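Since this is a predicted model, take the numbers as computed values, not measurements.
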Amino acid sequence: MTWIRTGTDNFPIEQGEAAAAFTEKLRINNSFSHHNKQKCFYGRLIIRVSVKHVAFTDEKGWLIVKYNDGSTYPPLPQYLRVDYLKSEGGRDFFKIVEGKSSGKEASVRHKQDGGSFLADGDPTLNEGIIHFVIETKQLFYRDGENWIGPITTVTDPSNPVPIGTHDIEIPDEIHDKARSYISQTPFAETWFRIGHDGDRYLHPGSITLGCVTVTDIPKWTEIYNYLIKRRKGDGKSVSIIQVFNKNSERQL
């Protein structure tokens with residue numbers, strides 16, 4: 001249960017996607033109102049004891065969990081938000097509230113020292129912006145007021161990623177096609193889908209089939225760290241990517 005405090009009063013909101021959407025609104029607006037038959041609350045202070053996130057993963061950025069149906073795939077990416085349910089029998093139980101497995105319930109064993117792989121709160125940042133210029137094969141990302149780049153990046157000239165603005169999704173699963181690049185970046189198998197359907201991704205590699213492929217592979221760690229904590233606020237996306245044909249078309 002998530003409890004909201006307003007002065008000396010407390011009231012609960014139910015766990016799950018509704019609570020996640022509610023607390024996401026609070027994170028953005030820093031204010032709220034709540035009505036029921038007895039009282040009307042208005043406030044600015046929030047206590048979110050049930051909202052947690054994936055804080056500890058393997059060296060590649062993934063946490064293996066056990067879903068209620070007994071499956072263990074896909075694993076969860078770093079910083080994914082969950083709604084904590086309980087701790088029992090050496091396991092934490094929770095409901096996933098964003099990303100590919102949103103709405104599913106799962107559990108994870110405690111660490112060897114008895115601690116949790118989950119941590120309280122929401123550590124995420126606001127969405128980021130990436131620019132990709134097809135003609136010059138350059139990628140940039142905005143960090144505050146500064147643009148970082150260029151980073152050498154390509155797309156398939158016979159099947160290029162479409163010009164325009166696209167969402168970049170929370171990582172969905174392990175992409176083992178990139179396993180050979182792990183010596184250059186530990187996060188080689190973590191890709192970010194472009195848009196909400198299809199199979200175009202932002203990913204590291206030397207071959208592209210219509211994706212946005214970062215060929216300066218050691219730079220992928222930098223891009224991963226920039227994106228993995230960010231959220232657009234739709235429960236699906238970390239950031240946006242704007243694709244241009246020429247560098248002169250970029251609007252900074």
Side-chain angles (χ1 to χ4, degrees), residues 1-5 10 12-28 30 32 45-128 168-175 186-187 189-192 221 224-239:
M1 185 70 69
T2 297
W3 288 86
I4 306 300
R5 179 182 297 276
N10 294 300
I13 58 175
E14 294 301 321
Q15 296 165 337
E17 294 180 13
F22 186 75
T23 52
E24 176 68 15
K25 183 177 180 181
L26 290 173
R27 185 176 72 87
I28 295 171
N30 194 33
F32 68 91
L45 179 63
I46 165 178
I47 300 174
R48 294 179 299 172
V49 296
S50 72
V51 176
K52 293 180 181 285
H53 65 277
V54 174
F56 301 95
T57 65
D58 63 19
E59 67 278 5
K60 299 177 184 178
W62 295 97
L63 176 65
I64 296 175
V65 302
K66 184 176 182 180
Y67 293 93
N68 279 7
D69 64 3
S71 64
T72 58
Y73 193 88
L76 303 185
Q78 191 176 21
Y79 300 117
L80 192 79
R81 288 183 303 165
V82 302
D83 199 357
Y84 176 77
L85 301 176
K86 64 180 179 179
S87 181
E88 184 177 276
R91 303 185 70 85
D92 287 324
F93 293 79
F94 52 87
K95 186 173 185 177
I96 300 162
V97 298
E98 62 179 2
K100 179 176 181 176
S101 298
S102 180
K104 294 183 178 181
E105 293 189 7
S107 67
V108 64
R109 61 176 174 79
H110 292 164
K111 295 190 291 184
Q112 289 186 349
D113 63 4
S116 177
F117 285 96
L118 309 177
D120 290 337
D122 176 7
T124 57
L125 305 172
N126 290 335
E127 68 179 284
I168 303 173
E169 285 193 338
I170 297 168
D172 52 3
E173 60 184 332
I174 294 173
H175 293 262
F187 308 112
E189 297 174 307
T190 302
W191 298 9
F192 299 83
T221 298
Y224 169 90
N225 286 327
Y226 173 74
L227 289 176
I228 195 63
K229 255 190 175 183
R230 297 186 179 273
R231 294 294 185 271
K232 188 179 177 183
D234 59 0
K236 299 178 181 180
S237 311
V238 295
S239 295

Stepwise side-chain contact (heavy atoms from CB on, under 4.5 Å) check, Phe56 with Gln78: CA-CA 7 Å; Phe56 301 95; Gln78 191 176 21; over 6 Å; no
Please examine the side chains of [Y] and [X], heavy atoms only from C-beta on, and report whether any two atoms are closer than 4.5 Å.
X: Leu118; Y: Val54; value: yes
X: Val65; Y: Thr72; value: no
X: Leu227; Y: Ser239; value: yes
X: Ser237; Y: Ile168; value: no
X: Ile228; Y: Val238; value: no
X: Val108; Y: Phe94; value: yes

What distance do [X] atom [atom1] and [Y] atom [atom2] have between them, rounded to the nearest 0.5 Å?
X: Tyr226; Y: Leu125; atom1: OH; atom2: CG; result: 9.5 Å
X: Leu76; Y: Lys104; atom1: CG; atom2: NZ; result: 10.5 Å
X: Trp62; Y: Thr190; atom1: CH2; atom2: OG1; result: 5.0 Å
X: Glu105; Y: Asp69; atom1: CD; atom2: CG; result: 11.5 Å
X: Lys86; Y: Ser107; atom1: NZ; atom2: OG; result: 9.5 Å
X: Lys60; Y: Glu189; atom1: NZ; atom2: CD; result: 4.5 Å

Would you indicate whether Lys236, at its atom NZ, is surrounded by more than 12 heavy atoms from other residues, nucleotides or ligands within a distance under 6.0 Å? no
Nearest heavy atoms of [X] and [Y], plus distance in Å:
X: Lys100; Y: Pro74; answer: CD-CG, 4.4 Å
X: Tyr84; Y: Lys52; answer: CG-CE, 3.4 Å
X: Arg231; Y: Ile170; answer: NE-CD1, 3.7 Å

Under 3.5 Å, is there a donor-acceptor pair between the [X] and [Y] side chains?
X: Tyr73; Y: Glu173; answer: yes
X: Asp122; Y: His53; answer: no
X: His110; Y: Asp113; answer: no

Using 30° and 60° as the class limits, which term best fits the ring planes of Phe192 and Tyr224: parallel, tilted or perpendicular? tilted
Assess whether side-chain hydrogen bond (donor to acceptor under 3.5 Å, both in side chains) is satisfied between Tyr67 and Ser101, documenting all intermediate values. CA-CA 10 Å; Tyr67 293 93; Ser101 298; 3.2 Å; yes
One pair to check against side-chain contact (heavy atoms from CB on, under 4.5 Å): Ile174 and Trp191. What are the steps and the verdict? CA-CA 8 Å; Ile174 294 173; Trp191 298 9; over 6 Å; no
Salt bridge or not between Glu127 and Arg230? Use side-chain N to carboxylate O under 4.0 Å. no
Between Val82 and Val97, is a side-chain contact (heavy atoms from CB on, under 4.5 Å) present by the stated rule, with each step listed? CA-CA 5 Å; Val82 302; Val97 298; 5.6 Å; no
Lys66 vs Arg91, test: side-chain contact (heavy atoms from CB on, under 4.5 Å). Steps then yes/no. CA-CA 10 Å; Lys66 184 176 182 180; Arg91 303 185 70 85; 3.5 Å; yes
